Amino acid sequence: MADGTETIVTRFAPSPTGYLHIGGARTALFNWAMARRHGKNGKFLLRMEDTDRARSSTEAEQSILEDLAWLGLDWDNEPDVPRQSDPDRLKEYQQKIDQLKAADRAYDHGDGNGAVVFKMPDHDIAFDDIVRGTVTTPAGQIEDFVIQKADGFPTFHLAVVVDDADMGVTHVIRGTDHLTNTSKHIALQQALDLPTPTYAHMSLTVNPDGSKLGKRDKAKAARKAADEWAKINGQEKLLTWLCDAPQRKKQDRQLVEAFLNKENDDVTIAQFVGEALGIHLPEINVRDFRASGYLTDTLVNFLGLLGWNPGGDIEDFGPTPLPFLADHWDIKRLVKADAKFDRDKLASFNADRIKAMPTEKLIDAVWGHEYIRLALHNRFQRGRNDPMFATFCATYQERAKTLNEFEEQGRFLLIEDEDVTYAFDTKNVKKVMLKGEPNGFDALKELKDLLTDLPTEGFGTKTHELIQKLSEDRGTNMGKLAQPLRVAVSGSTVTPPIDATLDILGKQKTLDRIDNCLAQQPQQ
RNA sequence: GCCCCCAUCGUCUAGCCUGGCCCAGGACAUCAGCUUUUCAUGCUGAAGACAGGGGUUCGAAUCCCCUUGGGGGUACCA
């Protein structure tokens, strides 16, 4: 076994048919860790399994590479990641197929369409799996299988076996969905006289309901939201609301209808419906998690705990999760049972990491985050170094679970004054503004004059001090004044502390919003 | 249908290989209390699991068998 001198070669071999799936990211991570654990003696290789010509694309290839890099993984065959569709590779596969046929281990498919079938041997096939122990497949259990398709391309089985041997792969860590395939692959290796790597079939990652974690979930979530909307507002209005609302980008009505009728699971339509209905679609691809504002380190740490753990009660991989994983990696600690993907825990991990971030790093992360960049850059015109932006970041650092939540929770600080809407008909706002003697509007009117006299510099802090003093003098709760002010600037009763809030907003905007609010006072 | 795999709190898991230190530990979620001008944060506490049944043993979450439940495979996809 690993004595520190033995060479370890692992690989991650995605088929470039779409974005990097979160489960694929986990597979890549573990293979990476296995190699890095062995330092100079370990190699982690990448390979594109693009034998399915119809579904593969170079765009997908590129995006997978990008996402792996985003995760912080590095591979040792950069920049020449091999493709199975490479002509040289194809030649190599052809040679092996011919060899098999010559040895009477493969034969032409009965349909006479050019496909070639591998003849399974008549003996049992057994191998020692690191996770499962000895796995035995009795002779006759697995049928002969195709190794070359009618289009001349090899199937995945043939290509994998040849490539793993050529690349010198010593350890294959993959999901249990490949367990049966491994028996096929070993049969192929034996027929071709190629070495058999060490296999470790790890558990799968599934949805909370136990179903497969896939893109269908986005469609499911979108349809569920549509159903709920229809229940409240009427089924017949749904399509009109989705497709004919002027403020939204257009989407073909028939496509949407087909989608809602479960005729397809189109991700673009799902996204469209989700946006129109104001819901988050579940994240499935690494790209989704990035877009939602999850941190690289969060994902690495969380993925590293899905079906593996360093032992004991350790869950926090520390400030540098990747090196931690490489240091602590032990392939024998792979868990057998499937793991459900718990988004709440992931969010909590992300919140912890955001809280632990040094201010400068956080400011960069928020400022640069694609999804919210526009809103931020419009608002803080003095740029990334705007002191008010620093205050903004610090304020939401302990509130936001994702980078996106900086914008979601702090939206009222980013929008124009006239876009603030006042929810006077909701319980909390009604209570603050309309109930009591004096009521919130009276308090606001009084505050307005006092705030007008305050200096612009340090406005929020000064306001806070003023409210504090006033409340003390009157022996009242600070909320009596602070709450109406919250409503005036945000439209709701929930904001960060009043000093930070008003510091970010500034004196002028605060006064303007107070005016707007007063102007909208409902008639009793 | 056939083949294979898995099974500890709602969830991720530690413990299982090398039975006793486990009337089962941690984390997320939940609930309660404290902190608090709102919301959060923070702190403290509570509730919560060895799927069921048989063995083996002085002793089983840990070993064996059966049942049940869940998952994977059974493609000219990977």
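In what follows, every heavy atom counts, from backbone to side chain, and hydrogens, waters and symmetry copies are set aside. Just so we're clear, the structure is a prediction, and the values are computed from it rather than from any experiment. Throughout, protein chains are lettered first and strands after them, A, B, ... in sequence-line order, and every chain is numbered starting at 1.
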So what does [X] touch, heavy atoms closer than 4.0 Å: a base, only the sugar-phosphate, or nothing?
X	answer
A:P138	nothing
A:K480	nothing
A:H201	nothing
A:T493	base
A:T17	nothing
A:P497	base
A:R174	nothing
A:T495	base
A:R486	base
A:A339	sugar-phosphate
A:N428	nothing
A:A337	sugar-phosphate
A:V135	nothing

If we call it a pair only when both distances are under 3.5 Å in a Watson-Crick or G-U wobble match, what pairs with [N]?
N	result
B:C43	B:G33
B:C58	B:G20
B:G1	B:U74
B:G69	B:C6
B:A27	B:U11

Spacing of the [atom1] atoms in [M] and [N] (rounded, Å):
N	M	atom1	result
B:A24	B:G48	C1'	13 Å
B:U41	B:G33	P	16 Å
B:U11	B:U56	P	33 Å
B:A61	B:U18	C1'	16 Å
B:G45	B:C4	P	50 Å

inquiry  = With a 6.0 Å cut-off on the ring centroids, do A:F406 and A:F389 count as close?
reply    =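 Centroid separation for A:F406 and A:F389: 6.0 Å or greater.
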task = Answer with yes or no after comparing the ring centroid distance for A:F127 and A:H185 against a 6.0 Å cut-off, counting only values under it.
result =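 No, the ring of A:F127 stays outside the 6.0 Å limit from the ring of A:H185, centre to centre.
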Taking 4.0 angstrom as the limit, do [X] and [Y] come out as a salt bridge?
X	Y	value
A:R55	A:D52	yes
A:R474	A:E446	yes
A:D108	A:K101	yes
A:D163	A:R11	no

Just the rounded figure in Å: distance from [atom2] of [N] to [atom1] of [X].
X	N	atom1	atom2	value
A:D342	B:U11	CG	C1'	5 Å
A:E143	B:A75	CD	P	7 Å
A:L334	B:C17	CG	C1'	16 Å
A:H178	B:C77	NE2	C1'	10 Å
A:M202	B:C5	CE	C1'	15 Å
A:I354	B:U41	CD1	P	13 Å
A:N181	B:C77	CG	C1'	10 Å
A:L481	B:U38	CG	C1'	14 Å

message = Once hydrogens and angles are ignored, does a donor-acceptor distance under 3.5 Å link the base of B:C12 to the side chain of A:K340?
response =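 Looking at the base of B:C12, it does not pair with any donor or acceptor on the side chain of A:K340 (distance under 3.5 Å).
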Any donor-acceptor pair under 3.5 Å from [X] side chain to [Y] backbone:
X	Y	answer
A:R83	A:D50	no
A:S292	A:Y294	no
A:W308	A:D330	yes

inquiry  = Please determine whether the number of non-hydrogen atoms from other residues, nucleotides or ligands lying under 6.0 Å from atom NZ of A:K448 exceeds 12.
reply    =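 Result for NZ/A:K448: open.
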Heavy-atom side-chain contact between A:N285 and A:D67 under 4.5 Å =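 With C-beta onward as the side chain, the pair stays apart.
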key: Toward the 5' end of RNA chain B, by each residue's nearest nucleotide, A:F156 or A:L204   =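 Final value for this comparison: A:L204.
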message = If you assign each of A:H157 and A:F341 to its closest nucleotide in RNA chain B, which residue comes earlier from the 5' end?
response =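 Result of the comparison: A:F341.
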message = Expected output is a numbered-order residue list: members of residues 398-414 of chain A with a heavy atom under 4.0 Å from any atom of RNA chain B. What is it?
response =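 A:E398, A:R399, in order of number.
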key: Contacting residues from residues 308-318 of chain A, given that a heavy atom lies under 4.0 angstrom of RNA chain B   =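 By residue number: A:N309, A:G312, A:D313, A:E315.
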inquiry  = Looking only at side-chain N and O atoms, does A:N404 offer a donor or acceptor that is under 3.5 Å from a partner on A:H369?
reply    =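 Their side chains do contain a donor-acceptor pair, which is all the 3.5 Å distance test asks for.
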request  = Would you please confirm or rule out a distance under 4.0 Å between OP1 or OP2 of B:C17 and any side-chain N or O of A:R333?
outcome  =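 The answer is no; no side-chain N or O of A:R333 sits under 4.0 Å from OP1 or OP2.
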message = Going by the rule side chain to side chain contact (heavy atoms under 4.5 Å, CB included), which residues pair with A:T298 if we only count those two or more places apart in sequence or in a different chain?
response =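 Counting only residues at least two positions away or on another chain, A:T298 forms a side chain to side chain contact (heavy atoms under 4.5 Å, CB included) with A:L295, A:L346, A:F349, A:N350, A:R353.
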